[in-house]
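Below is one structure, written out as structure tokens, with a few remarks after it.
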Amino acid sequence: MKIALIGNPGAGKSLIFNQLTGLGVEVNKYPGSAIELEYGNVCYKNEKIELVDLPGIYSLDGDSEEEVLVRRFLEKDGADSLIVVLDATKLERNLYLLTQIAEYSLPMVVVVNMIDIAESQGLIIDTARLATIFGTEVLPTAAVLGKNIDRILPLALSSSQSPVLGVPYDHHIEAALRSLEKTMGTPRRKNLLALQGTGDDAALRDSAGSIATEIEQRHQMSVGQIIATNRHNFARSVAAEVVKQSPEKKRFDLDSILTRAFPGIPILFLILFSLLLSVFVIGSWMESRIVGGFTEFILPPFAALGLHPLAERIGYSVLVAMEAGLGIAFPFVFTFYLGLSFLEDTGYMTRAAFLADRSMHRLGLHGEAIIPMVIGFGCAVPAVMSLRILKTRREQTIAAFLIILVPCSARTVVVAGIVAAFVGIIWAFSIYLIIFILIIITAIVMSRLTPGEQFGMIVEMPSLRKPRIQLVIRKSWLRIKEFLFIAMPLLIVTSVFLGLFQYFGVIDIFQSLVAPITVSLLGLPEYASTALLFGIFRKELAFETLAVLSGTADLGSVMTGVQLYTFAIVSILFIPCISTVAVLYKQLGAKIAILTSAYSLFLGMLIGVLISLLMK
Amino acid sequence: MRTSLREDYLEAILIHTGRYSHPPTAQDLSEVLHIDKGEVSAHLRELADRGDLRLSDDGRIVLTDQGTTTGKQIIKKHETLQSFLSEILGMDRSSASDEACRIEHAVSDETIDRLGDYLRSPVIQPPAGDRAKPVHSCPRGHQGHTSCGYARSLMDYEEGQRLIVRDILGRGCSKRLLDLGVVPGQLVVIKRKLRNGSIVVQVKDCAVALSPENASAICVERIP
């Protein structure tokens with residue numbers, strides 16, 4: 001028995017899924033897609049039910065990754081029953097999706113969620129009427145209060161029905177559908193897609209294409225627009241029958257503050273700044289505990305084992321890599337994710353995107369790009385993953401170049417540990433200033449160089465709401481898992497290689513080979529190149545390796561201020577860490593991964609040389 | 001004889017012939033053109049001398065090939081102008097027809113050809129010589145206007161204004177916008193407009209944030 005949850009983003013699907021499944025949820029990539037689906041098993045009356053939480057979508061006809069995935073799921077996998085989750089406060093727009101889902105004629109039950117909020121807004125929804133119109137069971141629920149959630153599964157199991165109605169389309173469209181059905185023998189639903197230029201049947205798309213052109217000539221409107229208009233009009237007539245609006249009480253709208261330029265923009269800065277600051281404070285504290293624990297309780301016993309030097313070297317490398325991974329993952333990345341998921345769950349991030357839209361345009365991007373950028377302050381790996389929300393290749397490319405420059409939490413540790421501690425706090429801020437300027441210059445250059453057209457932002461602003469802690473934790477957990485899966489193995493492999501290189505003296509050869517650059521160009525001690533090399537697999541490690549190689553934690557006693565400053569800025573800029581390069585490769589291909597790495601290497605060297613020359 | 005008068009005669013004769021499937025008499029023309037019958041006879045003789053028409057034995061007026069060609073051209077001009085005035089500029093059909101009657105005599109063939117092209121697929125044509133890059137941005141051959149022309153876009157209104165969507169152009173015809181409910185005939189309210197042009201509209205109880213370039217591609221009409 002397989003049951004899938006489907007609905008608009010923000011309709012409360014995830015919360016319902018969470019409440020239905022409890023623990024024991026598996027997250028798997030859907031075959032052939034970058035999107036992960038949540039699967040959960042439930043036992044009901046001795047029957048095993050597999051529940052799937054499909055990604056939130058606005059439509060089944062589009063070509064966004066989520067929409068393509070859900071469409072494929074409905075066509076290929078199907079489900080024994082669909083639970084269609086509608087948002088009672090936005091019923092008309094949600095009905096638009098329902099009219100499309102209905103065309104798949106799968107057995108379903110309809111859940112009208114957030115009925116409590118709708119009632120408080122004076123909306124009365126006649127679910128019985130809705131049930132008669134669509135010919136399916138309709139259940140009002142309030143997931144936040146847990147109301148009627150327990151009735152969903154029994155209803156889906158006992159009385160799922162295929163809906164009975166279809167949208168009446170424009171008569172030209174109907175004629176086209178009939179003629180395609182006759183000539184090609186394809187079902188109505190496929191023909192509708194083909195008329196809009198999607199679907200995987202090339203022959204059907206071709207013959208639909210010529211009919212579509214004719215219709216478009218006549219209507220002076222694209223077929224997609226005609227079909228969407230028909231569906232919306234139908235949804236409106238259904239909503240008019242089902243929803244009664246009693247006069248609404250005037251309530252205070254937080255958006256009257258948040259989305260204005262003033263005080264909205266200062267609030268935005270305040271929120272982002274306090275997010276980063278608290279991540280830094282909490283992260284540093286936790287990190288010192290984890291690293292301390294390793295050096296105290298794990299490394300000495302391991303050293304005491306008295307293994308063969310080669311085995312000891314390898315084992316040590318693995319342990320160091322784990323220390324590095326855990327030392328960054330939980331204290332910084334996880335804390336950051338908690339804060340970010342919290343903000344996302346309130347709906348605030350779309351307000352941030354709106355406020356940032358104009359400034360982002362100057363960088364060749366648009367408002368939504370602020371989300372990968374903000375994530376980049378935590379860690380570049382998830383930031384690159386989140387580039388998916390940008391729709392064009394051009395935007396993704398520009399944003400990738402910027403993300404690798406955004407100072408992530410590991411880089412913040414370098415700046416704090418080296419510059420703020422030994423050179424001065426003002427100098428630490430000057431590094432941020434330099435990076436900020438570099439980001440802007442890079443963006444301006446990239447937005448001219450990158451081919452492609454710029455599209456603006458079209459994004460729904462969900463109503464602000466209280467974040468649900470269980471969802472926040474769950475989302476952060478899923479994200480950190482993603483990070484651990486990608487970063488950890490890479491860290492361990494790289495660390496073992498570096499350990500072996502060190503063991504066989506390759507590092508020393510490397511060190512003397514690049515000595516001309518390190519010593520004469522950058523004015524750094526010879527061993528700094530090794531520290532920089534280690535920085536590739538975790539930026540923060542550059543700082544720790546430097547301390548190890550120089551033989552003292554008091555770096556100020558062995559290197560001058562200029563040297564420390566140069567080292568910090570070079571290690572921050574040059575080559576994104578190995579995990580970032582790996583996701584860049586996975587997400588955007590080898591070309592972008594190589595280009596961004598080469599660019600940051602060049603930038604790091606350039607700025608390093610400039611500083612050592614200027615400050616001599 | 002004025003060119004415009006000659007063209008009116010040829011047009012009237014063609015239309016009559018087409019409508020009643022027999023050529024008109026001088027009496028018919030006098031009624032249609034509101035010209036005195038004596039004057040009509042004089043004019044017809046003049047036109048016959050120019051080789052535009054001849055009088056048949058039963059008193060009916062038959063156009064020569066030359067007259068037919070000129071008449072057809074003028075009818076085409078009339079129809080093109082009338083469609084443009086009524087369909088694009090929104091005049092009612094009868095005043096559009098009256099207006100077309102006046103413009104048709106002065107308008108050049110090139111203007112009519114271009115207007116005809118425009119009506120068939122209303123793309124703003126770049127000036128000749130700059131033809132390489134037509135302004136199309138929408139997939140599926142949707143019209144590629146880049147501005148609302150005489151109509152107003154979302155960008156032209158202030159916060160709190162209630163508007164009806166009339167058309168969505170080029171850039172704006174993104175699928176996402178359609179799916180969020182921004183379709184012709186939909187009521188939208190401007191909830192927030194920043195000085196820099198970013199805009200939030202309320203569509204079907206949902207707030208949608210748009211970049212200025214998307215907002216300027218949504219043509220709207222004000223609800224008084």
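Residue numbers start from 1 in every chain, and the chains themselves are labelled A, B, ... in the order their sequence lines are given, proteins ahead of strands.
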Review point. Can a salt bridge be assigned to the pair B:Lys77 and B:Glu11 using a cut-off of 4.0 Å between side-chain N and carboxylate O?
Key: no

If one checks every heavy atom of A:Tyr96 against chain B at 4.5 Å, the contacting part turns out to be side chain

Query raised in the report: Will you find, in the side chains of A:Glu67 and A:Ser59, an N or O donor that is under 3.5 Å from an N or O acceptor?
Result: no

Counting N and O atoms only, with roles assigned by atom type, does the side chain of A:Asp357 sit under 3.5 Å from a partner on the main chain of A:Gly367, one being a donor and the other an acceptor? yes

In terms of heavy-atom pairs under 4.5 Å with chain A, the winner among B:Val183, B:Asp179, B:Ile199 is B:Asp179

For the residue pair B:Ser97 and B:Ser94, confirm or rule out a side-chain donor-acceptor distance under 3.5 Å.
no

Listed by number, the residues in residues 255-263 of chain A that come under 4.5 Å of chain B (heavy atom to heavy atom) are A:Asp255, A:Ser256, A:Thr259, A:Arg260, A:Ala261

Exercise. State whether the number of non-hydrogen atoms from other residues, nucleotides or ligands found under 6.0 Å of B:Lys193 atom NZ is greater than 12.
Key: yes

Answer key: most heavy-atom pairs under 4.5 Å with chain B among A:Arg358, A:Arg351, A:Arg231 is A:Arg358

Among B:Ala209, B:Ala215, B:Gly197, the residue with the most heavy-atom pairs under 4.5 Å to chain A is B:Ala209

Hey, is B:Arg222 close enough to B:Asp156 for a salt bridge, meaning N to O under 4.0 Å?
no

Are any side-chain N or O atoms of A:Thr198 and backbone N or O atoms of A:Leu193, one a donor and one an acceptor, separated by less than 3.5 Å? yes

Anything under 3.5 Å between a donor and an acceptor, one on a side chain of residues 200-208 of chain B, the other on a protein residue two or more places apart or in another chain? List them.
| residue | atom | partner | partner atom | Å |
| --- | --- | --- | --- | --- |
| B:Lys204 | NZ | A:Glu92 | OE2 | 2.6 |
| B:Lys204 | NZ | A:His232 | ND1 | 3.2 |

